[in-house]
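Report on the structure given below.
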Amino acid sequence: MGYAVLHLDKAKGADSGMSAHIERTIHPKNADSTRTHLNRELIQFPDGVTNRTQAIQHRLDTAGLKRKIGKNQVQAIRILLTGTYEDMMQIEKEGRLNEWCQDNIDWLRKTYGTDNVVSVVLHMDERTPHLHATVVPIVETERKRKKKEEEVKRTYRKKAPTPRLSADDVMSRAKLKSYQNTYAAAMQKYGLQRGIDGSEAQHISTHEYYRSLMLQGKSLQEDVDELLKQREQEEKELAKVKAEKKTEELKNTAAKTANVALKGLNSLLGSNKISKLEKENERLQGEISKRNDQIKKLQSEAERQKEWHAEDIRYTKLQMQKTINEQKRIINKILRWFPIVGEYLRVESECLMHGFSVEQTDKLVHGESLTFRGYLQADKRSPRVWAESVTAHIVKMAKDKLQLTVEQSPIVQWIQQQLERDKREHNIEEMKKTNQQGFHL
């Protein structure tokens, strides 16, 4: 059984940058353009509203808000709804995707209010089918007062709650937990379950999570690059229009000089052409201004993604350090309670240093005798000696001390004896060579 994925995110302002991504007015590179036509808006907009950004503003305008909306106030909440990749593929294969979409819409309206759910877009052109829902956080509960205000005795009659914009009320810690529970219950019929309550684990692996963040940042950067290219093209068109305007002005001046009789007619024709070029100029300037605004918003979104990425890396490092410290604490306890464990670890390290393989070391530590053929050395800096079919064994000494032996002698002592033997044999060979040379002379 896979997991139901529900992610909420606050959005300040009209959130037009995210609208461009959701409505594919800017096509990201990680989306399959051959499947973009399968994307669709599942909420019918009010009359006169044509896109997500306008839908957000329409809800704010018609909600009956009394307070002025702050410049940096959260005006919308983005909600991502999906499930584990394999389960979403199975839902689509079984032809239940429309049913899944409707159940999601029903849950959104029941949870946040029908009027507050202004847009729900199904994306089919990315790897996993998912929904981008947009909720305007209009609430009618009474605004929370500070403690000092609550302690003052009120002598006036309480006013009836009025609609107000409050993302903090909608996204309180208790409500976020409740959303996860109720959403998982609604998705249970599709084989999707809630993640472990209170668990710090992610629904996906850390590697996949960071990879998704990097892909989002890359997609945003690609959108910025695309907008920059469009702006460059528009500036070229603007320069062309200006050149045409200048040419027309020069033509008009030449016509005036050449033929005074047709001055009025030429001036009239030239003025009309110049007026059209000026309007075209203004239109292009407006387009460039819009592109600049979109670029700034996308750049801001990219910076925010980078900050999230850095924060997640810092958090992961802290968790890893906590795990390491906990493991060290457990190991230290084991070594205090069972000193023989430390002795086994020491002799294991000694076996590897002297030249025994991992498999041979395991046999020795388990108390088995081993017939060894190969090179041995006292330590990493000492010369090696050849051991021809010798017997190695770990002997338990007094006070639970362990000793590695070769041919029933401590290994270092045995290696020293072999080195001395090799040295004597080498000296004898040298003497024989010297005697033979003297005899021939």
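Side chains included, hydrogens not; waters and symmetry mates left out as well; all remaining heavy atoms used.
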(request) Would you kindly say whether Gln294 and Ser16 are connected by a side-chain donor-acceptor distance under 3.5 Å? (result) no
(message) Keeping Gln180 on the side-chain end and Leu6 on the backbone end, is there a donor-acceptor pair under 3.5 Å?
(response) yes
(message) Check whether His132 reaches the backbone of Arg78 with its side chain - one donor and one acceptor, N or O, closer than 3.5 Å.
(response) no
(request) Indicate yes or no: at least one non-hydrogen side-chain atom of Ile138 is less than 4.5 angstrom from one of Leu165. (result) yes
(request) Look at the side chain of Arg35 and the backbone N and O of Met124, then say whether any donor-acceptor pair between them is shorter than 3.5 Å. (result) yes
(request) List for me each residue that meets salt bridge (charged side-chain N to carboxylate O under 4.0 Å, His left out) alongside Glu140, sequence neighbours excluded, and say none if there are none. (result) none
(message) Can you tell whether the side chains of Lys396 and Asp400 come within less than 4.0 Å, N to carboxylate O?
(response) yes
(message) More than 12 heavy atoms of other residues, nucleotides or ligands under 6.0 Å from CD of Glu368: yes or no?
(response) yes
(request) Find out whether Ile394 and Cys351 are in side-chain contact, i.e. whether some heavy atom of one side chain is under 4.5 Å from a heavy atom of the other. (result) yes
(request) Spell out, as yes or no, whether a donor-acceptor pair under 3.5 Å connects the side chain of His354 to the backbone of Ala378. (result) yes
(message) Any salt bridge linking Asp168 with Lys175? Criterion: basic side-chain nitrogen under 4.0 Å from a carboxylate oxygen.
(response) no
(message) Using the rule given for side chain to side chain contact (heavy atoms under 4.5 Å, CB included), can you reason through Leu364 versus Phe372, listing the C-alpha separation, both sets of side-chain angles and the distance that settles it, and then say yes or no?
(response) CA-CA 11 Å; Leu364 289 170; Phe372 178 81; over 6 Å; no
(request) Using a cut-off of 6.0 Å, state whether more than 12 heavy atoms not belonging to Arg67 lie near its atom CZ. (result) no
(request) Report the C-alpha distance between Val49 and Val118 in whole Å, list the side-chain angles of each, state the deciding distance to 0.1 Å, and finish with yes or no for side chain to side chain contact (heavy atoms under 4.5 Å, CB included). (result) CA-CA 11 Å; Val49 175; Val118 298; over 6 Å; no
(message) Keeping Gln360 on the side-chain end and Leu370 on the backbone end, is there a donor-acceptor pair under 3.5 Å?
(response) no
(request) Supply the atom-to-atom distance Arg291 CZ to Leu298 CG, rounded to the nearest 0.5 angstrom. (result) 11.0 Å
(request) State, without any angle test, whether Gln90 and Glu94 hold a side-chain donor-acceptor pair at a distance under 3.5 Å. (result) yes
(request) For atom NZ of Lys363, decide whether the heavy atoms of other residues, nucleotides or ligands shown that lie under 6.0 angstrom number more than 12. (result) no
(request) Give a yes or no answer on whether the side chain of Asn281 reaches the backbone of Leu277 with a donor-acceptor pair at less than 3.5 Å. (result) no
(request) Using a strict cut-off of less than 4.0 Å between a Lys/Arg side-chain nitrogen and an Asp/Glu carboxylate oxygen, indicate whether Glu126 and Arg24 qualify as a salt bridge. (result) yes
(message) Test your reading of the model: is there a side-chain donor-acceptor pair from His309 to the backbone of Gln305, 3.5 Å cut-off?
(response) no
(request) Answer yes or no: is there a side-chain heavy-atom contact under 4.5 Å between Ile79 and Leu108? (result) yes
(request) Give the C-alpha distance, both sets of side-chain angles, the deciding distance and a yes or no for side chain to side chain contact (heavy atoms under 4.5 Å, CB included) between Thr111 and Tyr183. (result) CA-CA 9 Å; Thr111 304; Tyr183 183 67; over 6 Å; no
(message) Between Arg336 and Lys333, is there a side-chain heavy-atom distance shorter than 4.5 Å?
(response) yes
(request) Considering non-hydrogen atoms only, spot the tightest contact between Leu42 and Cys101 and give its length. (result) CD1-CB, 3.8 Å
(request) Using distance alone, with no hydrogens and no angle criterion, decide if Gln102 and Asn98 have a side-chain donor and acceptor under 3.5 Å apart. (result) no
(message) Check this for me: Arg329, atom CZ, are more than 12 non-hydrogen atoms of other residues, nucleotides or ligands nearer than 6.0 Å?
(response) yes
(request) Indicate yes or no: at least one non-hydrogen side-chain atom of Ile43 is less than 4.5 angstrom from one of Ile105. (result) yes
(request) List for me each residue that meets ring-ring contact (aromatic ring centres under 6.0 Å, His included) alongside His58, sequence neighbours excluded, and say none if there are none. (result) none
(message) Between Glu326 and Lys322, does any NZ, NE, NH1 or NH2 come within less than 4.0 Å of an OD or OE carboxylate oxygen?
(response) no
(message) If we ignore hydrogens and angles and just use 3.5 Å, is the side chain of Ser166 paired with the main-chain N or O of Pro137 as donor and acceptor?
(response) no
(message) Closer than 4.0 angstrom, basic N to acidic O: yes or no for Glu282 and Lys279?
(response) no
(message) Minimum heavy-atom separation for Arg52 and Glu23, please, with both atom names.
(response) N-OE2, 2.6 Å
(message) Main chain of Ile69, side chain of Gln73: is a donor-acceptor contact present, judged purely on distance under 3.5 Å?
(response) no
(message) Working note: Arg96 + Asp103, criterion side chain to side chain contact (heavy atoms under 4.5 Å, CB included); need CA distance, chi angles, decisive distance, verdict.
(response) CA-CA 11 Å; Arg96 303 178 67 194; Asp103 285 343; over 6 Å; no
(request) Look at the side chain of Gln75 and the backbone N and O of Leu60, then say whether any donor-acceptor pair between them is shorter than 3.5 Å. (result) no
(request) Report the C-alpha separation of Arg346 and Glu350 in whole Å, then their side-chain angles, then the decisive distance to 0.1 Å, and conclude whether the salt bridge (Lys or Arg N to Asp or Glu O under 4.0 Å) test is met. (result) CA-CA 6 Å; Arg346 181 195 64 77; Glu350 184 179 338; 2.9 Å; yes
(request) Flag the pair Arg164 / Thr162 as yes when at least one side-chain heavy-atom distance between them is below 4.5 Å, and no otherwise. (result) no
(request) Could I get the full list of ring-ring contact (aromatic ring centres under 6.0 Å, His included) partners for Tyr112, not counting sequence neighbours? (result) Trp107, Tyr179
(message) Restricting to non-hydrogen atoms, name the atom on Met89 and the atom on Pro129 that form the minimum distance, rounded to 0.1 Å.
(response) CE-CD, 3.1 Å
(request) Check Thr53 against Ser19 and note the closest heavy-atom contact, atom names and distance. (result) OG1-OG, 2.8 Å
(request) Check Ile22 against His123 and note the closest heavy-atom contact, atom names and distance. (result) O-NE2, 2.8 Å
(message) Are the side chains of Gln193 and Tyr3 in contact, using a 4.5 Å heavy-atom criterion?
(response) yes
(message) A side-chain contact here means heavy atoms from C-beta on lying under 4.5 Å apart; do Tyr344 and Leu402 qualify?
(response) yes
(message) Between Arg304 and Glu307 (salt bridge meaning N to carboxylate O under 4.0 Å), is one present in this structure?
(response) no
